[in-house]
Protein chains: 2
Amino acid sequence: MNFEIHFQAMQPPTGAHPCERCLLRGNPAFLAVTAEDLRLIESFRTGTRTVEAGRAVIEEDHPSPQLYTVYSGWAFRYKSLSDGRRQILGFLLPGDFIGLQDEFADGHTHGVEAVTDVTLCSFARDRLWPLFHAQPKLGYHITWLAAREEKMVDDNLVTAGRRNAAERVAMLLMHLYRRAERVGMAREGWVAFPFNQQHIADALGLSLVHTNKTLRRLQRLGLYRLEGGWLRILEPHALQTLGDYFERPLQPAPLI
Amino acid sequence: MNFEIHFQAMQPPTGAHPCERCLLRGNPAFLAVTAEDLRLIESFRTGTRTVEAGRAVIEEDHPSPQLYTVYSGWAFRYKSLSDGRRQILGFLLPGDFIGLQDEFADGHTHGVEAVTDVTLCSFARDRLWPLFHAQPKLGYHITWLAAREEKMVDDNLVTAGRRNAAERVAMLLMHLYRRAERVGMAREGWVAFPFNQQHIADALGLSLVHTNKTLRRLQRLGLYRLEGGWLRILEPHALQTLGDYFERPLQPAPLI
DNA sequence: CGATTGATTGACAAAGGTCAATGTGGGTGG
DNA sequence: CCACCCACATTGACCTTTGTCAATCAATCG
């Protein structure tokens, strides 16, 4: 398969750019904002940052002085136990807002690590309250994002607590495909899938080996294909039913 | 047709009280508010509601037109799979705010069920945005509560995904004790513990039988006592270490 | 070409789930 | 007051799923 043309077309501009030329905002997955709100968001923003694949966006034991919005790339939130066991709490892709929890909780919260190279828009933590004050609608939007994220963690908790291995894998494949598709990362039924099996195992609460065996089984059943880092769902209905996981079409999300 | 909902809606508000005489607000676990904010909260509030132990506060398949703050009693949030498997997402006690997710997410979110008799202060969903607009500080506080709740779900996800049975039980006992203690529900080292083993199993992602065996084991080890619906932690250090779960002293929370 | 990273597999062990029986204490109708 | 019921807790026997260990394979990279 040759997806290079598409892939290039999806490349974000690296480095700083003004919010008025934000490439995400044209995306129908996000709410439109007024020019005034956009100016306010830009004044709240302190810059951009790039993190290489595999590096930490936020260290787990080191709360971040910044909040971020993912502008391009995939990342994940995680927590570790002291003996090294790691649980991925959720995946982050363009439009996701990172770091709210640190603003409020005192102790440790979670780490964030880049899966691919990631571009972020950064915001100063101590300007969050002034932002709420200056424009309550943006505060409302941030609450929206927090509630949506909690809903995703709720779903992941049901997965880890109650689904068996095959159901977990089915659910995750559908979930990741849907989210990528939503922000326009799908090309002719394929989405870039940069995760390795360790990521999947850590997200699902399974061991690496069992994750591998379960993935192979579903693949042999012809439910999906995964080639060269691209994922295609062959039997969405079967995967949804197996995972007992049905997403409604999602409303446009705020983008900060 | 659901008779219950109508019946509940017709209940006279039990224990109605003005916010100025709120018994929770004296509690050091909660932030002090100005008289003006208090008036605003009261104008946002639409009444109170009582739910009997074991009844639904919010039906899982029936999004609520109300938001609530728990005023007294214990409840829990949960989600079910279509074959009946149930996962408890978290426990709710006085001061916890319920229903934010429904405001934003379209589809299903979660159900809420009372463990003990529960008293709630109710708020109209459609007045949430006006509240943000009228007093951004209260909006900021609501975001605080949302972020705190997400942090708790994150912890539960680590538990379900990565801790073994004994670690899960140890963690949950410490967690519930701490939270109850924090809002002043402890009496000489004991807290009321109204949960049965099915609740614990559903919260931890374990089977009922295995939960029982694990509880008995930790009890025989002398780590805790549970008598007549009251819990006492005998070896907090051992339970914390076993569960790899260390809470910092918590800051005062906003109370809406 | 060796080295490294990630995927794959089989053999085996362990944790946890399922089934079924029993215990226990508090209500409740008679 | 007593026999019965019911919800919940407890236990043993057994089974299934998942985890662990270790070897092999495949692709990529200096």
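First the proteins, then the strands, lettered A, B, ... as listed; each starts at 1. For clarity, every value in this text was computed on a predicted model and none was experimentally measured.
Between B:R77 and A:E150 there is a salt bridge, since at least one side-chain N of the basic residue sits less than 4.0 Å from a carboxylate O of the acidic one.
Nearest-nucleotide positions on DNA chain D for B:F195 and B:K213 put B:F195 closer to the 5' end.
Tested against A:P236, the residues A:L239, A:I233, A:L234 include a single side-chain contact (heavy atoms from CB on, under 4.5 Å) partner, A:I233.
A:N196 places its CG atom 18 Å from the P atom of C:dT4, with the value rounded to the nearest Å. Whole-Å rounding puts the B:L208 CG to D:dT11 P distance at 13 Å. With rounding to whole Å, A:Q219 atom CD is found 12 Å from C:dA7 atom P. Between B:L215 atom CG and D:dC8 atom P there is a gap of 15 Å when expressed in whole angstrom units. Across the protein-nucleic acid pair, B:R168 atom CZ and C:dA15 atom C1' stand 10 Å apart, rounded to whole Å. Between the CG atom of B:L218 and the P atom of D:dT10 there is a distance of 13 Å, given to the nearest Å. As a whole-Å value, the separation of B:D83 CG from C:dG17 C1' is 14 Å. To the nearest angstrom, C1' of C:dA14 lies 11 Å from NE2 of B:H210.
Within a 6.0 Å sphere centred on CD of A:E59, other residues, nucleotides and ligands contribute 12 heavy atoms or fewer.
Donor-acceptor pairing under 3.5 Å is recorded for the side chains of B:R49 and B:Y68.
Taking only side-chain nitrogens and oxygens, B:Q197 comes nearer than 4.0 Å to OP1 or OP2 of D:dT10. Residue A:N212 has no polar side-chain atom (N or O) positioned under 4.0 Å from OP1 or OP2 of C:dA7. Residue A:R216 places none of its side-chain N or O atoms closer than 4.0 Å to OP1 or OP2 of C:dA7.
Among the heavy atoms of the strands lying under 4.0 Å from B:L206 are primed sugar atoms or P, OP1, OP2 only; no base atom is included. In this structure, B:G54 reaches neither bases nor backbone, as no heavy-atom distance under 4.0 Å exists between it and the strands shown.
Relative to the side chain of A:V209, the nucleotides D:dT18, D:dA22, D:dT11 differ in distance, and D:dA22 lies closest.
Looking only at distances, a side-chain donor or acceptor of A:R168 sits under 3.5 Å from a matching main-chain atom of A:A160.
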